[in-house]
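Below is one structure, written out as structure tokens; comments come after it.
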Amino acid sequence: MATIKITLPEGQVEQVPKGTTPLEVLKKLNARLAEQAVVAKSNGELVDLDQPLERDSALAFLTPDDPDGMFVFRHSSAHLLAAAVLELFPDVKLGVGPPTDNGFFYEFFREQPFTPDDLAKIEKKMGELRDADIPNQRKFLPRAEAMRLYEQQKQTFKCELVTEKAEGDQVSFYVTGKFIDFCRGPHIPSTGRIKAFKILSVAGAYWKGVEGNPQMQRIYGTSFPSEAELADFLHRMEEAKRRDHRRLGPELDLFSIQEEAGPGLIFWHPKGGLVRTLMEDWLRKEYLRRGYQLVFTPHVLRQELWQTSGHLNWYKENMFPAMEVEKAPYQLKPMNCPGHILIYKDRRRSYRELPLRLAELGTVYRYERSGVVHGLLRVRGFTVDDAHIFCMPEQVEGEIQSCVEFALDALKTFGFERFEVELSVRDPAHPEHYAGQPADWDHAEGALLKALEHMRIPFKRMVGEAVFYGPKIDVKLVDAIGRPWQLSTVQFDFNLPERFDLHYTGADGAFHRPVMVHRALWGSVERFFGVLIEHYAGAFPVWLAPVQVTVLPVSEKVNDYAENVAGALRAAGFRVELDARSEKLQAKIRDAQLQKIPYMLVVGGKEAAAGTVSVRSRSRGDLGPQPLADFQAELARRVETRAVEA
Ligand SMILES: [Zn+2]
Ligand SMILES: [Zn+2]
């Protein structure tokens, strides 16, 4: 009998009969892993665990812990969903059913909308099909037969897909019991491996995402290899919902987005505006302390400038269309770089002036399709905490290091502790994708690398992720519920100094080309504010809270004393509200709690007589009566130390 050679991940080699399946190999090796594996990798390609191996093969086995394994697991979950829907609603027409970041969906065409009751039935049916442990079997059909099958079943969308996507004469299908799907796979061996799943929602979507096409109903779900992992996911989803800045923004009166003004445009209300002012104050002070100079540049600039900068070539689709003024086209700025370059270029620069660090809280406008704008996170107008550093090549390493340190400070100050750092370098196989000389790139990548090593910051190297104009360092923060957010970026630029023909006079009296570094720490003030709201679930630390203290008189009789307390704290620089409504104390406390105000000071006759306040903390509850001076000292201490807890 013919044999083939199997090389296992640890380098072990086995001879097995030709036609042996990966699952058969695995069962002999590790029975437990054979239960958990969802797909195999043969010579780098994902294959079904029950696909016979015909050639020598380097073989690996993936569980859902591996991203590729999870992808297959969720794709098979989508098939399970479709199989269940088809049993209950045989007339639906099938669309596509891919895995997503957090689960999967399958889309269906059906006149009536799926009701919550339908979804419950579907979930139950999925459970039955799972428990029946039905095999997922691959099957090939000749093209004509495949079309005939789908025509008979009146699966018009599938006919369209086969016509467009099937390669070759043989069309690949997967069969799960009565359900058959045009699909390249791979899939898990049988439905029984989907230990835990849940249907999450249903939403409308145009077929192929094209407006005017038929409306499909997408049923979204998620699945995990264990109930515990599913429970953990659902808990995190609940938490994310509770923290959603799009809900908290209006509830806490922080910001709004107004249909009347247009999508993706942010209105900062007084309370959000106050937090923003505190953020910006901190930042401006740091800029000056760290040798940056503050500048302001116009919001509209001549179109020619965007031609020179290259934005019109590679960024046009993100720019608002041009407007004409006195027969000359102007454009809203999508970035601040050209403005800062014009300041640099306005006169001759000497090496003595370098590094020149120009900073601006620069508001930019980018065209995002109305379908993708999202709260504060993806908007059409936002303010970048932007800076451009013009320096000599030999200064770059030090500048990069300062930028990364500054970035970490800017995030840590606002209460974040966990970060993920990525170093994006070029893809050496494609030098044609990048501006600038290879030697400059070597130098730049080396400088970024050295800066990170010097600071002993662990990082991930991302090959091929560099921007065409230079390598970069990105910093993601990890929030209170473990979600990473991409914020800071420090980017090298060989391109713009060249395009704008920038110079400085060196110590040798000759002209030299400066290097430019673009850097933003929060990325955008709007986005960072959104992340802050979600991280704290709206309960800002005392130093950032728009209202730090609310004074709650128990009756009108003590309103005067309450005024005095509020006045004393205001005079000391704290942000204080007085709730003199004729509501019950409990109602006032509840409202203050909902507004996430760090401290409530309850005052009645006893407090007025003794010159005390009864302190209630938003997180620690009733702290009892205290002399006002003591409370004030404690408040000052918490503001000073930027304490997270009230
Ligand atoms: Zn599929
Ligand atoms: Zn820039």
Side-chain angles (χ1 to χ4, degrees), residues 38-39 46 48 71-83 85-86 94-100 104-108 136-139 146 150 155 157-158 161-162 165-166 171-176 179-188 191 194 221 223 292 295 297 301 305-306 308-311 314-315 318 333-344 356-364 366 382-391 399 403 467-470 472 474 488-497 499-500 502 514-521 523-524:
V38 289
V39 69
L46 293 179
D48 290 331
F71 190 87
V72 171
F73 181 80
R74 297 252 169 90
H75 182 186
S76 300
S77 309
H79 278 224
L80 176 65
L81 165 65
V85 170
L86 218 48
L94 302 162
V96 295
T100 61
F104 56 87
F105 71 79
Y106 212 109
E107 56 181 24
F108 307 93
N136 287 319
Q137 284 164 321
R138 193 170 197 184
K139 176 176 175 180
Y150 271 148
Q155 290 293 352
F157 300 104
K158 287 293 185 189
L161 290 175
V162 171
K165 297 222 160 103
V171 179
S172 170
F173 283 86
Y174 275 80
V175 182
T176 310
F179 172 62
I180 178 160
D181 204 3
F182 166 53
C183 180
R184 263 189 310 199
H187 279 285
I188 61 175
T191 57
I194 306 172
S223 58
Y292 286 78
V295 298
T297 59
L301 304 164
L305 194 68
W306 303 109
T308 311
S309 69
H311 286 90
W314 53 272
Y315 206 70
N318 294 93
K333 64 174 171 182
M335 293 192 192
N336 298 301
C337 338
H340 295 183
I341 288 173
L342 292 191
I343 294 175
Y344 178 92
L356 184 73
R357 310 182 188 96
L358 300 181
E360 177 177 13
L361 283 152
T363 303
V364 298
R366 295 184 188 171
F382 58 97
T383 300
V384 185
D385 60 326
D386 214 351
H388 294 91
I389 300 170
F390 301 86
C391 63
E399 288 304 309
C403 285
V467 199
F468 81 88
Y469 53 78
K472 61 172 181 163
D474 289 328
S488 315
T489 177
V490 181
Q491 306 188 347
F492 230 91
D493 188 350
F494 300 118
N495 184 46
L496 288 179
R499 279 180 163 272
F500 281 93
L502 303 185
V515 169
M516 207 175 143
V517 175
H518 309 247
R519 43 105 297 179
L521 311 181
S524 96

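Counting starts at 1 for both ligands and their atoms, in listed order.
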TODO: Looking at His75, pick out the N, O or S atom nearest to the Zn ion (ligand 1) and give its name.
DONE: NE2
Open item on the list: Tell me whether the rings of His79 and Tyr174 are parallel (<30°), tilted (30 to 60°) or perpendicular (>60°).
Closed with: perpendicular
Contact between [X] and [Y] at the side-chain level, heavy atoms closer than 4.5 Å - yes or no?
X      : Y      : result
Ile341 : His388 : no
Met335 : Tyr315 : yes
Leu161 : Tyr150 : no

Task: Residue His187, metal the Zn ion (ligand 1), N/O/S under 2.8 Å - done: no
Open item on the list: Taking 2.8 Å as the cut-off, does His518 contribute an N, O or S atom near the Zn ion (ligand 2), distance below it?
Closed with: yes
